[in-house]
Amino acid sequence: MSTEKIEEIKITQTVEQKAIAKEAEELLLKAESVKKKWGAKRVFFIEIEDEFTGDWVGAWIRKPNLKEFSMFTKLAEKDNLAALKILMENVFLEGNKDVYEDDDNFMGAIAQVQEIVNVQASRIKKF
């Protein structure tokens, strides 16, 4: 491989790395803005790719509170998908509502929503 080609690859990688870093910084700034606006302790950004257009739809959501989580667990006993959809509606802060209103997008978001409602690890030590 020629020296020119190696330099071209290095430049391309640097440009791509800068673009990724800029996107990450913008996302962090937006996350802080969303937290402040909605008074949320923690926020999550969910993105779903449209399988036909390749476009991405995204939404900011928060972790459910105890009341919402309780309602979710009761509903999930009867219909887990309906419970997840209602939960998503309740924790949605801003962005594209198609994340949960469009069935295809919602099916793609289910794994992320379930990850958010997973109970945190805990332990007890007996003495």
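What's counted below: heavy atoms across the whole structure, side chains too, no hydrogens, waters or symmetry copies.
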If Ile, Leu, Val, Met, Phe, Trp and Tyr residues are connected whenever their side-chain heavy atoms lie under 4.5 Å apart, and connections chain through other members, are Ile46 and Val43 in the same group?
no
From Gln112 CD over to Leu84 CG, what is the distance, rounded to the nearest 0.5 angstrom?
11.5 Å
Please list all pairs meeting ring-ring contact (aromatic ring centres under 6.0 Å, His included) that have one or both residues in residues 41-63, counting only residues at least two apart or in different chains.
Phe45-Trp60
Which pairs pass side chain to side chain donor-acceptor pair (under 3.5 Å) with one or both residues in residues 74-93, sequence neighbours excluded?
Lys85-Asp103
Contact summary for Ala76 and Ala83, nearest pair of heavy atoms
N-CB, 3.5 Å
For the residue pair Pro64 and Ile116, what are the closest heavy atoms and their distance?
CD-CG2, 3.9 Å
Rounded to the nearest 0.5 Å, what separates atom NZ in Lys37 from atom NZ in Lys30?
6.5 Å
Which heavy-atom pair separates Asn105 from Val57 by the least distance, and what is that distance?
ND2-CG2, 3.6 Å
Is Leu66 atom CG crowded by more than 12 heavy atoms from other residues, nucleotides or ligands, each under 6.0 Å away?
no
For Val99 and Gly58, which heavy atoms make the closest approach, and how far apart are they?
CG2-C, 3.8 Å
Rounded distance [0.5 Å steps], CE in Met71 versus CD in Glu68
6.5 Å
Rounded to the nearest 0.5 angstrom, the CG-CG distance for Asp98 and Asp55 is 11.5 Å
Sorted by first residue and then second, give each ring-ring contact (aromatic ring centres under 6.0 Å, His included) pair with at least one member in residues 71-108; sequence neighbours left out.
Phe92-Tyr100
Closest heavy-atom contact between Ala40 and Arg62?
CB-CB, 4.3 Å
Check whether Leu75 and Val91 end up in the same hydrophobic cluster, where Ile, Leu, Val, Met, Phe, Trp and Tyr are linked by side-chain heavy atoms less than 4.5 Å apart.
no
Quick check on the hydrophobic clustering: are Met107 and Val113 connected, directly or via other members, by side-chain heavy-atom contacts under 4.5 Å?
yes
Run the salt-bridge test on Glu32 and Lys35 with the 4.0 Å N-O cut-off and return the result as yes or no.
yes
Pairwise side-chain contact, Ile110 with Leu81, heavy-atom cut-off 4.5 Å (strictly under)
yes
